[in-house]
> 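Here's a structure for you.
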Amino acid sequence: MEKQFDPKAIESKWYERWEARGDFAPAGDGEPYCIMLPPPNVTGSLHMGHAFQHTLMDALTRYHRMRGHRTLWQPGTDHAGIATQMVVERQLAGEGSDRHALGRESFVERIWQWKAESGGTITRQMRRLGASVDWSRERFTMDEGLSAAVNEVFVRLFEEDLIYRGQRLVNWDPVLRTAISDLEVESQEEDGHLWHFRYPLTDGSGHLVVATTRPETMLGDTAVAVHPEDDRYRHLIGQTVRLPLAERDIPIVADDYVDPEFGSGCVKITPAHDFNDYALGERHDLPRINILNEDATVADTAPEAYRGLDRYAARERVVADMEAAGLLAETEKHRLMVPRGDRSGAVIEPYLTDQWFVRAKPLAEPAIRAVEDGRIRFVPGNWDKTYYEWMRNIEDWCISRQLWWGHRIPAWYDADGNVYVGRNETEVRERHGLGDAALTRDEDVLDTWFSSALWPFSTLGWPDDTEALRTFYPTSVLVTGFDIIFFWVARMIMMGLKFMDDVPFREVYITGLIRDSEGQKMSKSKGNVLDPIDLIDGIDAESLVAKRTAGLMQPQKAKAIEKMTRKEYPDGIPAYGTDALRFTFAALASQGRDLRFDLERVAGYRNFCNKLWNAARFVLMNTEGEDCGAAADAEVELSWADRWIVSQLQRTEAEVDRQIRAYRFDLAAKAVYDFVWHHYCDWYLELCKPVLNADGTGEAARRGTRRTLVRVLEATLRLMHPFTPFITEEIWQRVASPAGREGDSIQHQPYPRADEDRIDPEAEAEIAWLQEVILGLRQIRGEMDIAPRKALPVLAQNADADDRARLERHRDALAFLAAVESVRVLETDEEPPESATALAGRMKLLVPMAGLIDKEAELNRLDKRLAQIDKERSAVCGKLDNENFVNKAPAEVVQKQRDRLAELDAALAELRGQRERIAAM
RNA sequence: AGGCGCGUAGCUCAGUUGGUUAGAGCGCCACGUUGACAUCGUGGAGGUCGGUGGUUCGAAUCCACUCGCGCCUACCA
């Protein structure tokens, strides 16, 4: 083996073998376990959030596969309607063309081409991450089967009146010129103005003042509203005002919606351009005047002077005209929430159009119940509140999009505008007896999330009753971020319950969000993104800068991004390898908080991989070609250390298993790390050395230690495999045989299960004693500046029979790990020489000071220890002197404190005595 | 406005039902290279657990209030 672990040398080799052999396909007849990969955008690339989530999904998948479950991790990609269409439209714009010039068919063809070219990025990256998805089942939301499922769902929902078409106010993106759903609107507070306008009463008796943030919409006003109880205006209700500029008479209506405290207490009402006004208009049966075109220019329904103006130009014009007419009462600065499209960034316009909707309430009710009664569990649990909040206030879902890339709505219109919905045109004609009448298909496509909502069953073959569907639905767990609970999770639950009559998954594990080391959200525009592949392979500073500054929406930011990047990564990023990256993700995955991603952390886990690698190297150096006691009748003798490490392994196995089940990957990773580094390497390997090297060791003892070395390592590799698949496979191939195991790959080996019977309290006590002695002596050495390899003669005082036996038993270990030259047990009445002291239980270890230790230094050291002990002693005494504590606390707790006090007193007495003696010398 | 979360060592974070000597990693200080590993070893320094008050024999942990920060929903013209 190489002295240093080199991930590059092994990773691609193993993944190719696993995939070629079909290792990731569900196998056996165990209990089914299934995870649906949240389908990434087909033309996207893997970002840190993906890599994080994929790591956790893969860990779960490998864990269950090793436990013998019939495990499926179902991969696939999403067509991502708007996002993908925008990319190709931008390309066309670069060529001086647009989709209309191309025509629908060619445009869609062009997107398919783009998908074919760039669509493999994510899946290639997933392979680099070691994701053990079953590629043979890979699906795409727009492939044939999934499209059929989409049509089927649409038709069935339509037939049950759960999908309808209607003219309603929707969120309109005037740049993309399509409707979008409520969820695709992101509101942000921005600076604006509040304009106060005078609207004259028609009868000439005065005027009302209304305030607005959007003056141009007054062209579509159809009422002014006041609060019914507002004494200032009560007498005017039912009268009309003369709407300036448009010169129309509009009524004054009374409605509770109006807050009399705000502004003048009068509100202009524009039902066609504001959601609240729309609702108010419905209550009062007001006309709706749509004054905007699709691109947010003023329409012909408005007065001539404004037609064709952009909405913001119209705004200025309206304000100027009102001012000129003496009707502008006041202009004030105002912060307001501005709705923007999440894709285009354009200011969204409430807009009156014909769209298709899913009736949400009837679907939401069973979906709420599924979480309430525990058929679906959120992890961490508090996310159910977020879910309930949204589901209980859910509005109908606008599913039609005025785009070309997506599932075209299966609806046809005849010459009279009658609508027919069916799985295809032939079916529509047959079912409605339309013969060969002219039919035109609806131009619109469905919201991307409509097909995503079906993912848990459409990928398994629905609407056909397939073996896969019967086996893997409901799936086991969904792993995703909180940001798509509404977009996706809630909708999958609704659709799953509706069409499968069962929940789509039993648990939803919500991961935190990956941020950069400063706690900033990672985004292309901030220039702080990291490509997980760059952490695996490494990247030089130039390439990293080039990558981060390429294709920016705001190219002027490039300089700042370059500066920041060069400062943070002057030498680029070293290659850490996949296993280190994955282990980092696992270790960071604590619950309920966002996580800061810090390269120092990855470096630490790369070191950990190297540690494991070298431990394996040591084991192999000591076992290759040697008898490791594999034979059934081999005579084998286990040392205390052997028994101890086996015992520790059981505890670790139990802990890791428990934490994985609880989705506490951070704690599972910590348990593994502690075991490998601090138990196996720091102590066990060191304790093995004297056994293997000493001349006096018997063959049965060597065999026992070799066998334990290699078997514990082998089990540890299996324990770690879900987190670090590559290094564990590589090493396992070398140690499996000496450890007495057979198999083609570690991933099909059983996951370690703790064996209660192999927990060995006797061995644990023995090694705990040994550690205490060694640590005590090392402390003296360290604090007294005694050279590390300077062999020390040690005297033991107050050693009881056990201590004496143990000192004898572990003489080699003490010599090796604490450089003890000799140990002599003092007789009861023997006066010790001037010495430095350490305690191990009641036994006192003395290192004679002659020539080694400075008297003052030892006195200081003792004073420090005494102070520590004395401080704790006062705390314990405080408790025990408290009658209430002694009377009310559980007996065992009280006893524990008494025992502790006794220990402290003994230690105090010993050390004080020691101090006096040294001081007197 | 409502909801959720966070505040523990210089930094990033654990601390599961109240009883630990409050932990880890990184960083810091000192010492150390005859082969598992310098991507390492040994020893050490460093925290009144945001604040106040309460419940309790006992609070980082439970309750109330408070300060600071973050996120998500929401109709303020």
Side-chain angles (χ1 to χ4, degrees), chain A residues 1 3-5 187 194 210-214 225 257-259 261-270 274-277 279-280 334 336-337 380 382-383 385-386 388-390 393 482-483 485-486 513 517 519 521 574 576 580 587-588 590 592-598 600-601 603-622 658-659 662 664 666-667 670 673-674 678 681-682 685-686 689 775 778-789 817-818 868-869 871-872 875-876 878-879 882-890 892-894 896-897 900 904:
Chain A
M1 283 176 89
K3 195 167 163 183
Q4 276 192 8
F5 170 53
S187 291
L194 194 58
V210 298
T212 180
T213 54
R214 303 204 47 200
Y257 159 68
V258 179
D259 175 4
E261 306 294 319
F262 188 89
S264 65
C266 299
V267 185
K268 62 185 276 302
I269 302 298
T270 323
D274 182 282
F275 288 100
N276 290 308
D277 293 6
L280 191 146
H334 184 69
L336 71 161
M337 295 298 277
N382 49 286
W383 285 108
K385 290 199 179 63
T386 306
Y388 290 139
E389 177 64 18
W390 156 256
N393 298 298
F482 63 86
D483 49 331
I485 290 180
F486 307 146
L513 190 76
S517 57
K521 218 164 162 171
Y576 294 114
L588 286 173
S590 61
R593 64 155 86 206
D594 292 348
L595 25 122
R596 295 191 190 205
F597 194 86
D598 190 341
E600 292 305 312
R601 203 77 193 261
Y605 293 120
R606 175 207 47 194
N607 296 354
F608 176 59
C609 288
N610 190 56
K611 188 79 178 172
L612 177 70
W613 181 260
N614 276 287
R617 198 164 149 248
F618 173 81
V619 171
L620 289 169
M621 284 169 66
N622 284 284
R658 189 168 73 90
Q659 300 300 358
R664 289 302 304 264
D666 57 330
L667 299 181
K670 183 176 159 45
Y673 184 98
D674 280 343
H678 300 309
C681 291
D682 284 352
L685 293 190
E686 296 305 317
K689 287 174 183 175
L775 290 173
R778 279 180 183 170
Q779 196 171 42
I780 291 174
R781 190 187 292 275
E783 293 180 18
M784 292 295 97
D785 275 336
I786 301 171
R789 296 315 306 170
L817 292 177
Q868 280 173 355
I869 295 172
K871 190 176 158 199
E872 196 193 336
V876 172
K879 286 183 191 174
N882 183 339
E883 256 179 65
N884 284 322
F885 172 72
V886 178
N887 293 333
K888 294 188 183 178
E892 60 182 66
V893 173
V894 176
K896 204 172 152 190
Q897 292 300 321
R900 184 71 191 149
L904 292 170

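Below, read A as the first sequence line, B as the second, and so on, with proteins coming before strands; counting in each chain starts at 1.
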> Is it true that A/Lys670 and A/Asp666 make a salt bridge, defined as a side-chain N closer than 4.0 Å to a carboxylate O?
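The answer is no: the pair does not qualify as a salt bridge.
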> Could you tell me whether the phosphate oxygens of B/A14, OP1 or OP2, come under 4.0 Å of any side-chain nitrogen or oxygen in A/Ser590?
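Yes, within the criterion.
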> Return the value, rounded to whole Å, for the distance between atom NE2 of A/His678 and atom P of B/G43.
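Answer to the nearest Å: 11 Å.
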> Determine the interatomic distance between P on B/A64 and the same-named atom on B/A24; round to the nearest Å.
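Looking at atom P only, B/A64 and B/A24 are 33 Å apart.
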> Using a 4.0 Å heavy-atom cut-off across all strands, classify A/Leu595 as base, sugar-phosphate, or nothing.
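Nothing: the residue A/Leu595, judged by heavy atoms under 4.0 Å, touches no strand.
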> Give A/Asp598 one of three labels, base, sugar-phosphate or nothing, depending on what nucleic acid heavy atoms sit under 4.0 Å from its own.
nothing
> A/Asp785 CG to B/C31 P: how many Å, rounded?
8 Å
> Would you confirm whether A/Asn610, through its side chain, and A/Phe5, through its main-chain N or O, come within 3.5 Å as a donor-acceptor pair?
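A pair under 3.5 Å: yes.
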> Apply ring-ring contact (aromatic ring centres under 6.0 Å, His included) to A/Tyr605 and A/Tyr673, showing your working.
CA-CA 9 Å; A/Tyr605 293 120; A/Tyr673 184 98; 5.8 Å; yes
> Given atom CZ of A/Phe486 and atom C1' of B/C4, what is their separation to the nearest angstrom?
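Result: 11 Å.
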> For B/C29 and B/C65, measure between their C1' atoms and round to the nearest Å.
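It comes out at 43 Å once rounded to the nearest Å.
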> Would you please enumerate the stems RNA chain B participates in, each stem being three or more consecutive Watson-Crick or G-U wobble pairs with both distances under 3.5 Å?
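RNA chain B stems, ordered by first number: B:1-7 with B:67-73, B:10-13 with B:23-26, B:28-32 with B:40-44, B:50-54 with B:62-66.
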> Let's test your reading of the model: under 3.5 Å, does the base of B/A36 pair with the side chain of A/Lys689 as donor and acceptor?
yes
> Taking only the C1' atom of each, what is the distance from B/C40 to B/G35 in whole angstrom?
12 Å
> Just the rounded figure in Å: distance from P of B/C75 to CZ of A/Arg214.
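Answer to the nearest Å: 15 Å.
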> Just how far, in rounded Å, is P of B/U42 from CD of A/Glu686?
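One finds 8 Å between P of B/U42 and CD of A/Glu686, rounded.
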> For nucleotides B/A74 and B/C4, find the distance between their C1' atoms and express it as a whole number of Å.
15 Å
> Looking across every strand, which nucleic acid part, if any, lies under 4.0 Å from A/Arg900 by heavy atom: base, sugar-phosphate, or nothing?
base
> Please work out which of the three classes, parallel, tilted or perpendicular, describes the rings of A/Phe482 and A/Trp383, given edges at 30° and 60°.
parallel
> What contact category does A/Cys609 fall into here, base, sugar-phosphate, or nothing, at under 4.0 angstrom with non-hydrogen atoms?
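No contact.
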> Rounded to whole angstrom, note down the P distance from B/C31 over to B/G5.
49 Å
> Start at the 5' end of RNA chain B and walk down; is the nucleotide closest to A/Phe262 or to A/Lys3 reached first?
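Between the two, 5'-proximity favours A/Lys3.
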> Is the closest basic N to carboxylate O distance between A/Glu883 and A/Lys888 below 4.0 Å?
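No.
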> Could you tell me how far apart A/Tyr605 (OH) and B/C26 (C1') are, to the nearest whole angstrom?
10 Å
> Base, sugar-phosphate, or nothing: which does A/Leu667 touch, judged by heavy atoms less than 4.0 Å apart?
sugar-phosphate
> With a cut-off of less than 4.0 Å, is there a side-chain N or O of A/Gln779 near OP1 or OP2 of B/G44?
yes
> Rounding to an integer number of angstrom, what distance separates B/C11 and B/G27 when you compare their C1' atoms?
7 Å
> Counting the atoms with a prime plus P, OP1 and OP2 as sugar-phosphate, which does A/Tyr257 contact under 4.0 Å by heavy atoms, base, sugar-phosphate, or nothing?
base
> Looking for any heavy atom pair under 4.0 Å, which part of the strands does A/Arg606 touch: base, sugar-phosphate only, or nothing?
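Since a base atom lies under 4.0 Å of A/Arg606, the category is base.
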> Touch check for A/Lys611, heavy atoms < 4.0 angstrom, all strands: base, sugar-phosphate only, or nothing?
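Base contact.
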> Can you tell me how far P in B/U39 sits from the matching atom in B/C26, rounded to whole Å?
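My reading of the P atoms in B/U39 and B/C26 gives 13 Å.
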> Can you tell me how far OG of A/Ser590 sits from CZ of A/Arg664, rounded to the nearest 0.5 angstrom?
6.0 Å
> Given atom NZ of A/Lys896 and atom P of B/G58, what is their separation to the nearest angstrom?
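These atoms are roughly 18 Å apart.
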> Hey, which of these two, A/Trp383 or A/His334, hits RNA chain B nearer its 5' end, going by closest nucleotide?
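Here A/Trp383 is the residue nearer the 5' end.
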> Rounded to the nearest Å, what distance is computed from the CG atom of residue A/Asp274 to the P atom of nucleotide B/C75?
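These atoms are roughly 10 Å apart.
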